[in-house]
There are 2 protein chains.
Amino acid sequence: MSETRQYQTAEQRRDRAVAAVVELSATENPAGLTTARIARRMRLSEGALFRHFPNKDALWEAVAGWVAGQLSQRVAAVADEAPDPLAGLEAMFLAHIDFIARHPGVPRLMLGELQKPAGSRARRLIERAMGEYRERVQRLLRAGMEQGRVRADLDPAAAAVLYLGAVQGLVVQSLVAGDMQAAARAAPGVFRVFRNGIVERAA
Amino acid sequence: MSETRQYQTAEQRRDRAVAAVVELSATENPAGLTTARIARRMRLSEGALFRHFPNKDALWEAVAGWVAGQLSQRVAAVADEAPDPLAGLEAMFLAHIDFIARHPGVPRLMLGELQKPAGSRARRLIERAMGEYRERVQRLLRAGMEQGRVRADLDPAAAAVLYLGAVQGLVVQSLVAGDMQAAARAAPGVFRVFRNGIVERAA
DNA sequence: AATGGAAGTGAGTATTTACTTTCATTCGGG
DNA sequence: CCCGAATGAAAGTAAATACTCACTTCCATT
């Protein structure tokens with residue numbers, strides 16, 4: 001009879017819990033988030049939260065999975081439709097920064113995960129996502145070299161580290177400034193300097 | 001009579017406490033360090049630790065001060081004796097990575113501080129150190145532009161972000177790999193790509 | 001040798017926090 | 001419409017942790 005259910009399904013609740021964590025992380029230290037705080041944000045009791053996640057680690061794992069999934073999905077989408085490797089790198093870069101600017105809690109969450117002991121499932125998800133990301137950057141760099149648009153003497157591994165560093169540099173600087181929008185504004189300029197470091201100088 | 005005192009002075013204890021935190025942070029999440037754990041590492045009772053620091057925050061402040069001091073000191077030393085701006089940038093870069101490779105807990109501590117609320121004294125120390133660091137990089141970049149060795153169309157602010165990002169990229173990649181020595185090995189190659197992005201191409 | 005202050009100990013304590021338990025309410029299929 | 005399962009609230013628990021306190025040990029100075 002009722003148009004809208006009063007109870008939400010378990011999956012909806014899990015999604016909302018992840019969203020709550022991401023939102024709270026925008027203004028608070030994720031490491032300090034308590035289950036009570038997260039539940040309150042969802043307008044749910046603490047006990048009900050534990051009905052949808054067996055324990056707190058499982059919640060963190062869900063959060064890490066969401067972050068990793070969103071990032072690779074968005075990044076893959078723009079990279080695939082770019083006309084050439086350099087344009088692909090730039091599109092990925094801007095998409096990444098745009099995603100973070102929209103969800104300022106994400107970098108804090110990722111940096112927080114990397115502090116945890118190496119074996120944790122949440123951490124492994126983040127590690128894998130970063131690895132795939134770096135692979136993708138290196139593939140584009142090599143493709144650019146084959147097309148003669150990227151310097152032939154480039155070390156793709158080193159350049160990929162610098163590329164990820166460009167993202168992280170923007171993020172950390174904005175974290176310090178407390179303004180993630182600043183990252184989005186500064187991103188094109190930073191990418192331009194990076195690009196200068198890898199392009200084949202016009203003959 | 002006694003060659004060595006049995007009790008240490010307050011200052012010695014404070015220094016050793018900071019060292020203990022830095023050492024422990026190399027293998028454990030700094031956010032999870034307890035006062036009991038830190039005291040045990042120093043072979044001291046928890047009560048005695050609190051005789052030298054009024055509270056835990058004061059200990060973190062001392063740690064942040066040590067990190068900030070070490071970094072600016074080492075970096076300033078090598079930058080000042082470099083023959084030209086580009087050499088100075090490279091020397092700073094390598095000195096920074098070398099310091100971190102020697103104290104693998106340092107990046108975790110710094111990233112952890114940046115998660116804390118904006119007002120904390122420890123965090124302000126880190127913020128100031130990073131600000132001075134970026135200023136120094138920008139000064140060198142501008143000096144290089146005046147000498148014609150750095151591209152005239154460079155945006156020094158964007159390049160400084162990329163420079164810091166290069167450091168952070170190396171650090172985060174090594175944090176993921178769990179091997180800070182890797183950062184030291186990869187550093188020269190990464191700096192080379194950065195350098196390509198800023199040098200004036202030979203006429 | 002006596003003394004007083006600095007350094008140290010070890011056993012608390014109040015609070016926080018992840019997780020549990022108990023019971024009430026709501027949902028959907030037969 | 002009824003019953004079992006799913007969802008929820010509220011109160012509780014055991015463990016962890018920052019910090020305190022009463023008391024002891026060391027040692028430089030007089």
Side-chain angles (χ1 to χ4, degrees), chain A residues 1-21 24-25 28-64 109 112-113 115-117 120-123, chain B residues 1-21 24-25 28-64 109 112-113 115-117 120-123:
Chain A
M1 288 307 139
S2 59
E3 282 297 307
T4 59
R5 295 166 38 95
Q6 187 159 337
Y7 286 167
Q8 295 193 345
T9 69
E11 193 183 336
Q12 285 174 313
R13 279 293 182 220
R14 278 193 291 269
D15 289 348
R16 293 207 42 187
V18 168
V21 169
L24 286 172
S25 299
E28 288 178 45
N29 184 355
L33 284 183
T34 69
T35 50
R37 183 112 180 64
I38 296 163
R40 220 175 68 223
R41 172 78 175 206
M42 306 170 58
R43 311 230 160 165
L44 201 63
S45 72
E46 200 178 355
L49 178 60
F50 275 94
R51 207 173 280 286
H52 301 299
F53 294 95
N55 52 45
K56 201 188 182 189
D57 273 356
L59 170 54
W60 287 111
E61 192 181 337
V63 172
L109 283 165
E113 288 306 327
Q115 303 270 22
K116 293 184 183 172
S120 102
R121 297 167 73 90
R123 175 163 168 166
Chain B
M1 287 304 144
S2 62
E3 284 295 309
T4 59
R5 294 168 38 94
Q6 189 156 338
Y7 285 171
Q8 297 193 345
T9 69
E11 193 183 336
Q12 286 174 312
R13 278 294 182 221
R14 278 193 290 268
D15 288 349
R16 292 209 43 190
V18 168
V21 169
L24 286 171
S25 299
E28 288 178 44
N29 184 355
L33 284 182
T34 69
T35 51
R37 182 114 181 65
I38 295 163
R40 218 174 70 223
R41 172 78 174 205
M42 305 169 61
R43 311 230 159 168
L44 200 64
S45 72
E46 202 177 354
L49 179 59
F50 276 95
R51 209 169 277 286
H52 302 300
F53 294 94
N55 52 45
K56 202 187 181 189
D57 273 355
L59 170 54
W60 287 109
E61 191 181 339
V63 172
L109 283 165
E113 288 306 327
Q115 304 270 20
K116 294 183 183 173
S120 103
R121 296 167 73 92
R123 174 161 169 167

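These numbers come from a predicted model, not from an experiment. Reminder, nothing fancy here: chain letters follow the sequence lines and each chain counts from 1.
Shown here for A:Arg41 and A:Ala20, the closest heavy-atom pair between the two residues is CG-CB, 3.8 Å. Taking every heavy atom of both residues into account, B:Ala36 and B:Glu46 meet most closely at N-OE2, 3.6 Å. Contact detail for A:Phe50 and A:Asn55: the closest heavy-atom pair is CE2-CA, 4.0 Å. Pairing each heavy atom of A:Val21 with each of A:Leu109, the nearest pair is CG1-CD2, 4.0 Å. Taking both residues in full, the closest heavy atoms of A:Arg37 and A:Glu28 are given as NH2-OE2, 2.6 Å, listed atom of the first, atom of the second, then distance. The minimum heavy-atom distance linking A:Thr35 with A:Lys56 is given by the pair CG2-CG, 3.9 Å.
Between A:Arg43 atom CZ and D:dA10 atom P the separation is 14 Å, expressed in whole Å. In this structure, B:Gln12 places its CD atom 13 Å from C1' of C:dA6, rounding to the nearest Å. Look at CE on B:Met42: it is 12 Å from C1' on C:dG8, rounded to the nearest Å. For the pair A:Arg13 CZ and D:dA9 P, the computed distance is 7 Å after rounding to whole Å. The CG atom of A:Leu49 sits 15 Å away from the P atom of C:dT17 (whole-angstrom rounding). Protein atom CZ of B:Phe53 is 20 Å distant from nucleotide atom P of D:dT17, rounded to whole Å. A straight line from CD of A:Glu46 to P of D:dA14 spans 16 Å, rounded to a whole angstrom. Here the P atom of nucleotide D:dG8 and the CZ atom of A:Arg40 are 18 Å apart, to the nearest Å.
OP1 and OP2 of D:dT17 both lie 4.0 Å or more from every side-chain N or O belonging to B:Arg37. At C:dA6, none of the side-chain N or O atoms of B:His52 fall inside 4.0 Å of OP1 or OP2 (strictly under the cut-off). Contact between the side-chain N/O atoms of B:Ser45 and the OP1/OP2 oxygens of C:dG8 is not found at any separation under 4.0 Å.
Contact annotation for B:Ile38: no contact, since no heavy-atom pair falls under 4.0 Å across all strands.
Checked against D:dT17, C:dG8, C:dT17, the side chain of B:Thr34 finds its nearest nucleotide in D:dT17. The nucleotide whose nearest atom lies closest to any side-chain atom of A:Phe50 is, among C:dT20, D:dC19, D:dG8, C:dT20. The listed nucleotides are D:dA18, C:dA18, C:dG10; the one nearest the side chain of B:Lys56 is D:dA18.
By the 4.0 Å N-to-carboxylate-O rule, B:Glu11 lies too far from B:Arg14 to be salt-bridged with it.
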Taking only N/O atoms, report every protein-nucleotides 22-26 of chain D pair under 3.5 Å with atom names and distance.
from   : atom 1 : to     : atom 2 : distance (Å)
D:dT25 : O2     : B:Tyr7 : OH     : 3.2

| request: Verify side chain to side chain contact (heavy atoms under 4.5 Å, CB included) between B:Ser120 and B:Asp57, making sure each step is shown before the conclusion. | output: CA-CA 9 Å; B:Ser120 103; B:Asp57 273 355; over 6 Å; no
| task | Could you walk me through whether A:Trp60 and A:Glu113 pass side chain to side chain contact (heavy atoms under 4.5 Å, CB included), step by step? | result | CA-CA 9 Å; A:Trp60 287 111; A:Glu113 288 306 327; 3.8 Å; yes
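Base pairing in DNA chain D yields stems of at least 3 consecutive Watson-Crick or G-U pairs, both distances under 3.5 Å, namely C:1-30 with D:1-30.
When atom types are taken as modelled, the side chain of B:Arg121 and the backbone of B:Glu61 share no donor-acceptor pair closer than 3.5 angstrom.
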